[in-house]
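Being a predicted model, the structure only gives us computed values, none of them experimental. Each chain gets a letter, A, B and so on, in the order its sequence line appears, and its residues count up from 1.
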There are 2 protein chains.
Amino acid sequence: MVQNSETTESKRRGRPRAYDPQAALLRAMDAFWKKGYSGTSLDDLSAATGMNRPSLYAAFGDKRSLYLKALAHYWQVALDTMRADLADGGPLADSLMRAYEGALSIYFSGEDEARGCFVVGTAVTEAVEDAEIRDSLMRGFLSFDADFKSRFQAAREKGELKGDADPAVLATLATAVMHTIAIRARSGAARADLREFARKAIGVLCG
Amino acid sequence: MVQNSETTESKRRGRPRAYDPQAALLRAMDAFWKKGYSGTSLDDLSAATGMNRPSLYAAFGDKRSLYLKALAHYWQVALDTMRADLADGGPLADSLMRAYEGALSIYFSGEDEARGCFVVGTAVTEAVEDAEIRDSLMRGFLSFDADFKSRFQAAREKGELKGDADPAVLATLATAVMHTIAIRARSGAARADLREFARKAIGVLCG
DNA sequence: AGGATTTTATGCGAGATGGTACAAAATTCT
DNA sequence: AGAATTTTGTACCATCTCGCATAAAATCCT
């Protein structure tokens with residue numbers, strides 16, 4: 001994505017960086033995750049990362065650029081996690097439950113408060129005014145749908161689903177379950193309740 | 001909700017208001033709807049309502065107070081609309097489709113751009129830091145669930161659903177469909193596609 | 001040791017932001 | 001007509017916001 005000069009070459013010319021850019025990106029993501037894009041100031045980001053503003057600037061560009069990098073990173077982690085959860089063997093219901101468990105781990109990964117999904121909790125708000133964010137959302141959600149659909153198709157070929165089941169619809173519904181869990185987690189719902197709902201919803205989807 | 005002195009008494013003592021408070025609240029809601037709570041400035045609100053800042057203050061209190069009033073109004077409209085759509089007679093699938101059609105009308109009611117759901121698009125972001133908003137979300141979503149659940153229960157008693165169908169789970173799933181439609185509408189999905197998804201999702205729920 | 005190079009740290013500046021003071025304007029009551 | 005009352009409009013203030021200029025610090029190369 002960036003030049004690999006940073007990771008490969010260990011001997012850099014000038015004063016060494018005081019902070020790991022990758023770790024800083026994660027802390028910046030945490031800050032955005034809590035307060036949203038507009039609600040997070042550069043002072044918040046500076047405090048979260050431990051970097052002063054010029055360093056933030058040199059490392060990530062301006063505020064929006066930093067947010068987009070955090071968003072891209074989140075998508076990557078979220079999609080990779082879900083693909084891995086869905087790919088592991090076992091019955092369809094187990095695969096789906098693993099995916100929802102994985103999502104819940106992310107949604108409740110905050111220090112004190114439940115933050116839900118980074119995308120749903122922060123990017124959706126900006127989507128109306130920012131076309132780049134909007135496109136990123138559309139692509140990401142369709143990617144979720146596609147992964148679920150593949151899993152449903154595989155299940156149908158194995159006879160785990162009724163023959164008239166529509167993998168595309170079930171996939172979008174599976175994403176819908178994830179969306180409502182993300183929303184409700186950020187709205188104060190208990191993790192155990194959401195887990196239980198996921199379990200029962202899977203029952204309906206695998207009906 | 002407020003004193004009815006404003007609406008009933010037509011003769012007020014001092015200089016008359018230049019703007020209708022109710023209409024102004026709707027315009028303010030539009031402004032928040034587009035840019036979110038943090039992203040909307042008092043200048044935005046002033047421009048949207050045509051009121052200058054001191055008038056905004058006198059009418060609605062500070063920015064957060066105005067937002068909370070807009071949020072309460074949206075909940076009222078959204079819940080009333082859905083209850084009416086679900087209550088009208090006919091088969092379960094028709095009731096559900098009416099509810100989703102009604103939601104889509106709201107989500108695509110913006111001037112140019114699709115804004116999705118006001119709650120999902122703006123309040124969810126603030127929920128982590130603002131306990132009052134968070135509680136409002138929890139109550140509202142559970143209210144949606146409850147209304148759907150009543151409708152599913154009525155359908156089951158009429159024999160429209162299989163006996164082993166769980167109205168509570170189906171209700172939360174129905175809300176999940178609404179959530180994902182809200183999210184996707186704001187992310188640029190086409191109204192026709194969302195409508196089609198709703199139709200097919202109803203097929204799964206009414207299994 | 002000294003120059004070159006890169007990052008850090010302090011701090012500034014132009015503009016936006018939320019909120020308010022104050023006087024002028026528009027109406028009702030006496 | 002004039003006092004009382006309520007809203008409007010202008011202007012202002014303290015603070016925050018983003019972004020950057022500039023100098024000091026820490027390393028590598030010769």
Side-chain angles (χ1 to χ4, degrees), chain A residues 2-25 27-28 31-32 34-70 122 126 129-130, chain B residues 2-25 27-28 31-32 34-70 122 125-126 129-130 133:
Chain A
V2 196
Q3 294 90 339
N4 57 354
S5 57
E6 299 167 1
T7 51
T8 54
E9 299 181 31
S10 57
K11 293 191 176 181
R12 302 172 50 83
R13 193 63 195 286
R15 177 171 175 169
R17 285 211 187 92
Y19 306 96
D20 172 25
Q22 184 63 17
L25 180 61
R27 312 287 281 277
F32 283 128
K34 244 190 177 176
K35 299 190 178 183
Y37 174 73
S38 301
T40 304
S41 68
L42 283 188
D43 279 347
D44 292 332
L45 295 167
S46 190
T49 58
M51 299 165 67
N52 45 37
R53 249 163 312 180
S55 296
L56 269 178
Y57 241 76
F60 304 109
D62 66 3
K63 180 183 167 182
R64 178 169 174 277
S65 183
L66 171 53
Y67 178 79
L68 290 175
K69 288 181 171 65
T122 73
E126 310 301 322
E129 296 274 286
D130 192 315
Chain B
V2 198
Q3 294 92 338
N4 56 355
S5 57
E6 299 167 0
T7 52
T8 55
E9 299 181 30
S10 58
K11 292 190 175 181
R12 301 172 50 85
R13 191 70 194 288
R15 176 171 176 170
R17 284 210 187 93
Y19 305 96
D20 172 25
Q22 184 63 17
L25 180 61
R27 312 288 281 278
F32 282 128
K34 243 189 178 176
K35 299 190 179 184
Y37 173 73
S38 301
T40 304
S41 68
L42 284 188
D43 279 346
D44 292 331
L45 295 168
S46 190
T49 58
M51 299 164 67
N52 46 37
R53 256 174 295 189
S55 296
L56 270 178
Y57 236 76
F60 304 109
D62 66 3
K63 180 184 168 183
R64 177 169 175 276
S65 183
L66 171 54
Y67 178 79
L68 290 175
K69 287 181 171 63
T122 72
T125 300
E126 310 300 322
E129 296 274 286
D130 193 315
I133 292 179

For A:E126 and A:S38, the nearest pair of non-hydrogen atoms, with its separation, is OE2-OG, 3.4 Å

Whole-Å distance, B:D44 CG to C:dT17 P, equals 7 Å

Q. Phosphate oxygens OP1/OP2 of D:dT8: is one of them under 4.0 Å from a side-chain N or O of B:S55?
A. yes

Atom CZ of A:R17 and atom P of D:dC28 are separated, to the nearest Å, by 15 Å

A:L56 atom CG is separated from C:dT7 atom P, nearest whole Å, by 14 Å

When rounded to whole Å, the CE to P distance for the pair B:M51 and C:dG19 reads 15 Å

Rounded to whole Å, the CG-P distance (B:D62 to C:dT17) equals 17 Å

Practice prompt. Indicate, with a heavy-atom threshold strictly under 4.0 Å, whether A:T40 touches base, sugar-phosphate, or nothing.
Written response: sugar-phosphate

Between A:R64 and A:D130, is the closest basic N to carboxylate O distance under 4.0 Å? yes

Heavy-atom closest pair (A:A31 atom, A:L45 atom, distance to 0.1 Å) is CB-CD2, 3.9 Å

With a 4.0 Å cutoff (strictly under), does any side-chain N or O of A:S41 reach OP1 or OP2 of D:dT17? yes

Under 4.0 angstrom between B:N52 side-chain N/O and D:dT8 OP1 or OP2: no

Margin query: Looking only at the side chains, is there a donor atom on one of A:Y67 and A:T122 sitting less than 3.5 Å from an acceptor on the other?
Written below: yes

B:Y19 side-chain N/O to B:G50 backbone N/O, donor-acceptor pair under 3.5 Å: yes

Between NZ of B:K35 and C1' of C:dA16 the distance, given in whole Å, is 12 Å

Per atom distances to the B:A18 side chain, the nearest of D:dT8, D:dG19, C:dT17 is D:dT8

5'-most contact on DNA chain C (nearest-nucleotide basis), B:R64 vs A:A58, goes to A:A58

Check your understanding: Reckon A:S38 touches a base, only the sugar-phosphate, or nothing at all at heavy-atom distances under 4.0 Å?
Key -> nothing

Counting primed atoms, P, OP1 and OP2 as sugar-phosphate and everything else as base, the B/S/- map of nucleotides 20-30 of chain C against protein heavy atoms under 4.0 Å is BB---BBBBS-

B:L42 atom CG is separated from C:dG18 atom C1', nearest whole Å, by 5 Å

- Query: Between A:K63 (side chain) and A:Y37 (backbone), is there a donor-acceptor pair under 3.5 Å?
  - Reply: yes

side-chain contact (heavy atoms from CB on, under 4.5 Å) filter on B:L25, not counting sequence neighbours, yields B:Q22, B:F60, B:L66, B:K69, B:A70, B:H73

Closest to the 5' end of DNA chain C, once A:Y19 and B:K63 are matched to their nearest nucleotides, is A:Y19

